[in-house]
Amino acid sequence: MRRYSILALARNALGYHEGWERAWRAPEPKPEYDAIIVGGGGHGLATAYYLAKEHGITNVAVLEKGWLGGGNTGRNTTIVRSNYLWDESAALYEHSLKIWEGLSQELNYNVMFSQRGVMNLAHNLHDLRELKRRAHANRLNGIDCDFLSREQVGEYCPLINLSPDIRHPVLGATLQRRGGVARHDAVAWGFARAADARGVDIIQNCEVTGILREGGRVTGVETSRGTIRAKKIGLVTAGHSSVLAGMAGIRLPVESHPLQALVSEPVKPILDTVVMSNTVHAYVSQSDKGEMVIGAGIDPYVSYSQRGGFNVVQDTLHAIVEMFPMFSRLRMLRQWGGIVDTCPDASPILSKTPIEGLYINCGWGTGGFKATPGSGHVFAHTIARDEPHPLNAPFSLERFTTGRLVDEHGAAAVAH
Amino acid sequence: MSQSHRLPAGGRIDRSRSLSFTFDGTRYSGHPGDTLASALIANGVHLVGRSFKYHRPRGILTAGSEEPNALIQLGLGNRTEPNIRATQIELYDGLTAASQNRFPSLEFDLGAVNDTLSPLIPAGFYYKTFMWPQRGWMTYERAIRRMAGLGRAPDGPDPDRYEYRHAHCDVLVAGGGAAGLAAALAAGRAGARVIIADEQAEMGGWLLSEGDTEISAKPAVDWVEKAVTELAGMENVTLLRRTTAFGYYDHNWLGLAERVTDHLGPYAADHLPRQRLWQVRAKQVVLATGAIERPLVFGQNDRPGIMLAASLRSYISRYGARPGKALVVFTNNDSGYRTALAAHHAGIGVAAIIDSRAEASGPLPQSARAAGLRIYEGHAIIATTGRLRVDSVRLGRLAASGDRIEGAGFGIPCDLVAMSGGWNPNVSLFSQSRGKLDFRAEDGVFVPGQSFQPLRSAGACNGVLSTADCLAEGFAAGAEAAREAGFANRKPAALKVTEPDCPAAAPFWLAPPEKPLARAKCFVDFQNDVTAADLKLAVREGFQSVEHVKRYTTTGMGTDQGRTSNVNALAIVSATLGMEMPAVGTTTFRPPYTPTSFGAIAGRNIGALFDPVRRTPIHEWHAAHGAKFENVGQWVRAWYYPKPGEDMHAAVNREVKAARTGVGILDASTLGKIMVKGPDAAEFLNRVYTNSWLKLGIGKARYGLMLGEDGMVRDDGVTVRLGEDRFLMSTTTGNAATVMTSLEDYLQTEWPELKVYLTSVTEQYATITINGPKSRELLAALTDDIDTGNEAFPHMSLREGTVAGVPARVIRISFTGELSFEINVRASQGKAVWEALIEAGAPFDITPYGTEAMHVLRAEKGFIIVGQETDGSMTPDDLGMGWAVSKVKPDFVGKRSLTRSDTVREGRKQLVGLLTEDPKEVLEEGAHVVQVALQQPPMAMLGHVTSSYYSPNLERSIALAVLKGGRALIGKTLSVPMPDKVIKVTVTEPVFFDPKGERANG
């Protein structure tokens, strides 16, 4: 892999940029690999990268039915934070956040991780109590989290409507200063390039249609490009996880829902942080390009369609205009949807399965983007060692049998 | 004020009136009927903006909503709007507009340094640099953000108002050009309810711009006028001008954005909303959204003065403007000649017509030849010059292969270039509807294929080119749509159309530039500054899916969604890959069709109407008596009632004490109330609550816990049996709707065999709790048909009778541990009964208390509040409420989960009490408890403080907490590490007051 840098840009400028090599190869699938990752989104590509880097398993294929990063990786609102309530979640997301902090350098690919702070607003006494609980827990877990009074919210983000007379006045907020946003596509591309450089085969337009098993263990997959064998298979297919697991006869406690998002037209910088509110249900940040990036709540029905109801967009903009009255004259440029895989406890599944050699990484619901590097890191460990990393041990499939749930409904940004 | 570039006559402008406007501080004039773009052109202004990345000077490319370049900051202050297309702004007197994305001025923009740096910053350059040092990105980002963005957001809250309209119709026609008007006429004449929407101020589409077209032997605009008059006269037809059908969603639901007063500026009547969002459910849809002319991709094709050929005709014919004096036309089809002829007839010098085709022999080229115009067949523009405006083009002879120039290039001076690369059917709405596109190779266009909703495309958006065909398709589509919607009709007679014949274009995707491609600036996406070289770079680097190309280069990601660039980009990518265009694919068109105001989408549901406010029937009394309120979900509840001079602490202490010594009165009307009726009602409750309900006597009350299927406590409340098959259930205030929904869910999907009917009656009753040792006397004073004696009316029972002269259900229950009665009356009588109680309670010094005192009172007793002591992870046993779970019932919701290994393990969190060392110290709710406080995190947490108050009855602070293995820790001393100190606490039983529970039974 030839390294990217300002010097490389200058050198290539002289050659009319005709000397750039492919960011990743487009190999034909081999008949057999040591490990196959199904799903070429951020989590799958990160898993492949860490399999190669941390565990020396380089004979790996990532199979993607469409184009890399075309699922939720390329459809989310790019928020990264680790201010989760429960110890188990906080540890996992903080692990990820720490990787984020050096990810551009690690991958030699600028993922534009912008630690501009993430603010969660409180609008009533119940919110205050919950946010304080979370803030104290974060503090004792060694995760940065400030509690801001209403006045401090105004100083930090003057755009927010702080009138005490509005329907749901702002009473305070938590602020995780190390949180922020990143360039979502770049995360997929950066991991793809770095994984490819370590020998991973990234195979696009290759849809898995069956999971081959013999005597309780996996032996490979059937794909639109033929049979590919492997003794270890990781399923990382987000909204389609139930479908893939179903091919192996596993029924997941996962529901797939549409989740919508939208952007405004770009404007000059006015919003320098990420603002989230559970109560009025709005979350927004401004992209580097200048667009307001706004997330909605999930559509209540289950669906595999990457589109949702306009009423959900309307509800979201009610909240946005209420919280930011000056945004009323901004205009919606694009809206879209993704399919999110939600678990009953709003926590992910990073787990071995009852089938030997088959591993699953799913259930991230509305908040998987922030976990991308950490998820890949511990999932690679799980696949390589055939046992969970201590950080993902609590997120096993067994928890739905034992009852040891990690109920993060309160901490999820999006009402489930 | 003179309009130097106005033609002496013609156009659909009202020359009798002048309108004054400013652009970048300079005053100009125009006429009614002008857009800002046409008025600027009529004043000789071509330079109107700077591009997004390179800050290159840009002019007006089009005459419609597809405009990528001429984005304007319109208006001032709180009313300013960024990124408005000059081609869509209707001129009004006093209009103020400014250019964007430039500093210090449009003519001299420091950002243009990016243009100089452009060799260094091709597509995706930012992924390859700005990575050193590690935290450096925050600094680079600040600078990049300032360079990016386009216009400015308004300065403050939007002063204007927006409205919703909901409508149903038989046929919705999107687009009011030839095909759309014909479709509306056909459907309207058949009697169907028709809505026809067009984004422009005038219906007619391109017919308004084609001076050489005749329908039924009269100018095309006469037919437009006749059609519009006929439609306006039909009661079943709604004509919506200035209305964009922006989104096509499932089940033929479309969103239309009507700009009601934008064109009036300050002259709009106050009663009108600024914009109106139409939410239309249509039985049938006719898409007549026209076509968009394709630019040609050649070297420096972006300079001001270079525009689309048909748009130039529009400025000449529709607006009577003369965009230049010396025109060069560059075309791959005959319609370029149509523009050259229109310009020639308008007195604009035509310096050259450059045709990429080896031979042009149609009627239009023949007319151009006859008019003496210079034609260069088999040539292409290879470069242009000019700093703030094009001043010459360089051209060369194309080799037969079309991908290189033979011989030397040469220059032609000009101040205007019109380009035509053919027409792209405008398939955005069709694509949004989930329709599949087919590729038509002969002219390289995507046309509507299979559709999945009841719709039909007609006219240019369907790939049809001539006006005659557009009209015919429109009439046919309108008639068919009406027929499908149930309205029989006859086939209308065809209209005779006279217009020049313009056959389909011969695809010509990239003119070989004079400079190396990487330096030639052959723009594909004008707004985002994406060049042909950028696209090839993306492909070279492996970004070969069309979505990857788009995301890596940002082509098509601008505010125009690539209306003028997508197909050109796709063609260049396909050619680079050596693949057919349809094999590479198209990107998804996403709603909205054109940017739509947040305000219009939000409508009136902001401010006071953002979320309904629920007030109890007694609310006014609370407000009149100085209550402070808190929001609980949608409800507004009395929080405490400070007397003059009292702070919250003093008021709450007084209220709490009164409720234990005399009588307190609480408005509990917000508690959820569900009437459960039917022969299986008891069985139903038996399944949804953890305890047993089959044998509850009529007139008896029982407390119940509701669990989720995971065994965790979800809600609680007291339910009374009103009759054999009738129960009144109460839920927590915040969960009422959730509980109702989930109970309905069980009834409808899990236990359809149960005959049970649920009715929410929360708002039908007012609930007043009187509480304290004197409450019985008070009740007795106001009722003469309820025996209030301790034996006659025992704890946990119900009596129906009259209180204060009105029918009431009185339940003897207690959430405070005191003797307490809950009086339920009709909502309309709530306030009167409350006032009667206050009056009758005067001798007992009756004290109204709010939610805060209620919380203290219940915490003194260790009673939980769902959502405070619980968080979805607490079982009944964790809360010390195992007594409420039946051991004998065969099943209830959550039962199975209560025996799971994690639910029965040691060390689960359990509800306990906490007492601080310092009795005055009140713990912070949400604080965490540790075994031993360390100097530094991380620290292993045992659990957290769920409730914490000062208890005036105990004269010290009290707290409830859930701690791991909590009950085993009773008596131990633990620590609560706060940011500034560590607080020592002793673990206790969670009941602080009257542990034996004698007072409620007294």
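In this text, all values refer to a predicted model and were calculated from it rather than measured experimentally. When reading the values below, keep in mind they use all heavy atoms of this one structure, side chains included, and skip hydrogens, waters and symmetry mates.
Residue I6(A) touches chain B through both its backbone and its side chain, counting heavy-atom pairs closer than 4.5 Å. For a residue to count as touching a neighbouring chain, one of its non-hydrogen atoms must lie under 4.5 Å from one of that chain's; by this rule L120(B) touches chain A with backbone and side chain alike. For L271(A), the part lying near chain B is the backbone, with the side chain staying farther off; criterion is any non-hydrogen pair under 4.5 Å. Only the backbone of T401(A) comes within less than 4.5 Å of a heavy atom of chain B; no side-chain atom from C-beta onward does. For H126(A), the part lying near chain B is the side chain, with the backbone staying farther off; criterion is any non-hydrogen pair under 4.5 Å. For chain B, no part of A26(A) is nearby; none of its heavy atoms comes within less than 4.5 Å. In this structure, the portion of Q204(A) lying under 4.5 Å from any heavy atom of chain B is its side chain and not its backbone. Neither the backbone nor the side chain of A188(A) comes within less than 4.5 Å of any heavy atom of chain B. Only the backbone of F400(A) comes within contact range of chain B, with heavy atoms under 4.5 Å apart. For chain B, the nearby part of D185(A) is the side chain; its heavy atoms alone come within less than 4.5 Å. Using a 4.5 Å cut-off between heavy atoms, E925(B) touches chain A through backbone and side chain atoms alike. Heavy atoms of M147(B) lying under 4.5 Å from chain A belong exclusively to its backbone. Contact of Q634(B) with chain A is made through backbone and side chain together, with heavy-atom distances under 4.5 Å.
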(message) With salt bridge (Lys or Arg N to Asp or Glu O under 4.0 Å) as the criterion, how do R329(A) and D160(B) come out once you've worked through the C-alpha distance, each side chain's angles and the decisive distance to 0.1 Å?
(response) CA-CA 9 Å; R329(A) 289 175 104 85; D160(B) 290 326; 2.7 Å; yes
(request) Could you walk me through whether L71(B) and E265(A) pass side-chain contact (heavy atoms from CB on, under 4.5 Å), step by step? (result) CA-CA 11 Å; L71(B) 305 185; E265(A) 293 184 295; 5.9 Å; no
(request) Output, in order, the C-alpha distance, side-chain angles, deciding distance and verdict of side-chain contact (heavy atoms from CB on, under 4.5 Å) for H928(B) and R139(A). (result) CA-CA 10 Å; H928(B) 289 256; R139(A) 179 170 54 82; over 6 Å; no
(message) Would R183(A) and Y126(B) count as a side chain to side chain donor-acceptor pair (under 3.5 Å) here? Give the steps.
(response) CA-CA 11 Å; R183(A) 175 83 184 97; Y126(B) 29 71; over 6 Å; no
(request) Please report the C-alpha distance between S114(A) and M138(B) in whole Å, then the side-chain angles of each, then the deciding distance to 0.1 Å, and finally whether the side-chain contact (heavy atoms from CB on, under 4.5 Å) criterion is met. (result) CA-CA 6 Å; S114(A) 168; M138(B) 298 309 292; 3.8 Å; yes
(request) Go through the steps for F327(A) and F598(B) under the test ring-ring contact (aromatic ring centres under 6.0 Å, His included), then give the verdict. (result) CA-CA 7 Å; F327(A) 288 2; F598(B) 284 6; 7.2 Å; no
(message) Could you go through I606(B) and R167(A), starting from their C-alpha distance and side-chain angles, then the distance that decides it, and tell me whether this counts as side-chain contact (heavy atoms from CB on, under 4.5 Å)?
(response) CA-CA 9 Å; I606(B) 54 167; R167(A) 180 67 187 89; over 6 Å; no
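No option in W20(A), W67(A), W189(A) other than W189(A) meets the ring pair (Phe, Tyr, Trp, His ring centres under 6.0 Å) test with Y552(B).
Cation-pi geometry between K289(A) and F52(B) is met: the NZ or CZ atom falls under 6.0 Å from the ring centre, inside 45° of the normal.
In this structure, N110(A) and Y140(B) have side chains that are not in contact, with every pair of non-hydrogen atoms separated by 4.5 Å or more.
Ionic pairing of R145(B) and D272(A) is present here: one or more N-O contacts between side-chain nitrogen and carboxylate oxygen are shorter than 4.0 angstrom.
Taking the six-membered ring where tryptophan is involved, the planes of Y109(A) and Y127(B) are essentially parallel, since the angle between them stays under 30° and well short of 60°. Using bins of under 30°, 30° to 60° and over 60° for the plane-to-plane angle, the ring pair F246(B)/F310(A) lands in the tilted bin.
Annotation: maximal heavy-atom pairing with chain A below 4.5 Å, among S545(B), A518(B), G151(B), P82(B), occurs at G151(B).
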